[in-house]
Amino acid sequence: MDPNMNNLLKWGIQNSTATQQTSNSNNNASQAPRSNITPEMLSALFGGPSEADLMKAAMEALRSDEVDLENKLIAFDNFEQLIESIDNANNLEPLGLWTPLVELLKHEEPDMRRMAAWCIGTAVQNNEKAQDKLIVMNAIPTLVSMSTQDPVPAVRKKAVYALSSAVRNYQPGTNELVKHLPDGYASGKVDAGDMDTIDTIMDKLRAHPVSSSTPSAA
């Protein structure tokens with residue numbers, strides 16, 4: 001729950017209880033507890049920033065030099081939760097957030113690359129509109145490179161997750177993936193609806209050997 005909503009709920013319960021006790025003891029109104037309700041609590045109750053505003057604010061934090069890594073990761077986590085909604089995921093394009101999100105796949109910080117891949121995987125899952133946008137952004141080759149070359153296992157894992165979400169039941173994405181896979185990963189055309197074959201490709205990507213001398217994807 002939003003902390004402001006939680007505080008507002010607590011205030012309402014406490015105030016209701018205190019008022020009832022005051023009435024029962026025949027105290028006068030001047031002895032009733034003072035309200036410590038804040039404008040932020042009222043905003044949470046009667047309407048605050050839209051989810052689109054929150055998405056934009058999160059991205060601003062992710063791109064800011066004034067925000068430290070810890071808070072950027074918090075912003076990324078909030079961003080990922082927001083785009084679990086297909087409506088919010090489809091808002092990435094009109095809000096102009098696809099380009100900065102894809103650019104973060106090449107961030108120097110592994111956790112930023114990991115979260116960018118995670119968010120992309122969330123946005124495109126069972127979402128043909130977002131899957132198509134990923135092709136337009138030419139992000140699939142980057143994700144394949146991350147899944148096979150990034151020196152950090154957690155980053156590679158989320159890159160595979162993003163690819164898996166991007167291609168299942170979406171033939172253009174599968175075709176793009178096959179073009180950029182390492183040799184021997186797929187032979188001929190792969191049917192995007194063939195889950196066994198897609199699973200086999202993803203398993204190969206997860207098991208792909210990565211040299212300790214492999215440079216960062218940043």
Side-chain angles (χ1 to χ4, degrees), residues 55 76-77 79-107 110-212 214-218:
M55 289 166 63
F76 238 148
D77 185 60
F79 188 83
E80 194 275 334
Q81 291 182 56
L82 284 165
I83 60 175
E84 287 178 353
S85 159
I86 193 168
D87 289 337
N88 287 338
N90 287 336
N91 263 340
L92 288 170
E93 182 175 5
L95 293 175
L97 299 180
W98 265 115
T99 295
L101 178 58
V102 169
E103 288 175 348
L104 288 169
L105 291 173
K106 298 183 179 181
H107 199 282
D111 277 337
M112 295 290 284
R113 300 196 300 274
R114 174 180 62 84
M115 288 301 299
W118 190 353
C119 286
I120 286 173
T122 297
V124 302
Q125 192 169 46
N126 300 316
N127 185 345
E128 185 171 324
K129 184 176 180 180
Q131 289 171 324
D132 184 61
K133 188 63 182 178
L134 202 62
I135 294 180
V136 173
M137 296 301 301
N138 197 35
I140 287 181
T142 301
L143 289 166
V144 171
S145 177
M146 289 173 66
S147 68
T148 56
Q149 299 179 28
D150 198 284
V152 180
V155 176
R156 298 198 300 273
K157 180 179 180 180
K158 289 304 180 185
V160 174
Y161 162 68
L163 288 171
S164 179
S165 298
V167 306
R168 291 182 187 273
N169 294 311
Y170 183 62
Q171 196 62 50
T174 300
N175 294 345
E176 184 70 8
L177 170 66
V178 170
K179 288 194 299 185
H180 298 281
L181 286 172
D183 291 340
Y185 271 60
S187 57
K189 184 174 181 179
V190 174
D191 183 351
D194 183 348
M195 294 299 104
D196 288 340
T197 299
I198 298 295
D199 285 343
T200 297
I201 292 173
M202 296 305 151
D203 287 343
K204 288 180 178 179
L205 287 172
R206 292 186 186 96
H208 188 88
V210 179
S211 170
S212 59
T214 299
S216 167

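Just the heavy atoms: all of them, side chains too, but no hydrogens, waters or symmetry mates, feed the values below. Positions are given from 1, in the same order as the sequence printed here.
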statement: So CG of Leu105 and NZ of Lys158: to nearest 0.5 Å the spacing works out to 13.5 Å
- prompt: SG of Cys119 to CD of Gln81: how many Å apart, nearest 0.5 Å?
  reply: 10.0 Å
- prompt: Rounded to the nearest 0.5 Å, what separation is found between the CD atom of Gln131 and the CG atom of Asn169?
  reply: 8.0 Å
- line: Tested for side-chain contact (heavy atoms from CB on, under 4.5 Å) against Ile135, the lone hit among Val124, Asn175, Ile140 is Ile140
field: Minimum-distance pair of heavy atoms, taken over all atoms of Ala159 and Met146
entry: CB-CB, 3.8 Å
field: Nearest non-hydrogen partners of Ala130 and Ala123, listed with the distance
entry: CB-O, 3.4 Å
task: Identify the heavy atoms of Ile83 and Met55 that sit nearest to each other, and give their distance.
output: CG2-CE, 3.9 Å
statement: Here the pair of heavy atoms bringing Pro182 nearest to His208 is CG-CE1, 4.1 Å
field: Between CG on residue Leu205 and OH on residue Tyr161, distance to nearest 0.5 Å
entry: 16.0 Å
field: Pairwise distance OG(Ser147) to NE2(His180) - rounded to 0.5 angstrom
entry: 12.0 Å
Ion pair Arg168/Asp199, N-O distance below 4.0 Å: yes
Name each donor-acceptor pair under 3.5 Å that joins a side chain in residues 90-100 to protein atoms two or more places apart or in another chain, with its distance.
unit_1, atom_1, unit_2, atom_2, d
Asn90, OD1, Asn127, ND2, 3.0
Asn90, ND2, Ile86, O, 3.4

- request: For the pair Gln171 (side chain) and Val190 (backbone), establish whether a donor and an acceptor sit closer than 3.5 Å, ignoring hydrogens and angles.
  value: yes
- prompt: With no hydrogens and no angle check, is any side-chain donor or acceptor of Thr200 less than 3.5 Å from a backbone partner on Asp196?
  reply: yes
query: To the nearest 0.5 Å, how far apart are CG in Leu134 and CD1 in Ile120?
result: 6.0 Å
Residues which pass side chain to side chain donor-acceptor pair (under 3.5 Å) with Asp191, listed by chain and number, not counting sequence neighbours: none
task: State plainly whether the residues Lys129 and Asp132 are in salt-bridge range, i.e. N to O under 4.0 Å.
output: no
Backbone N/O of Ala162 and side chain of Ser165: donor-acceptor pair under 3.5 Å: no
task: Please say whether more than 12 non-hydrogen atoms of neighbouring residues, nucleotides or ligands are located less than 6.0 Å from NZ in Lys204.
output: yes
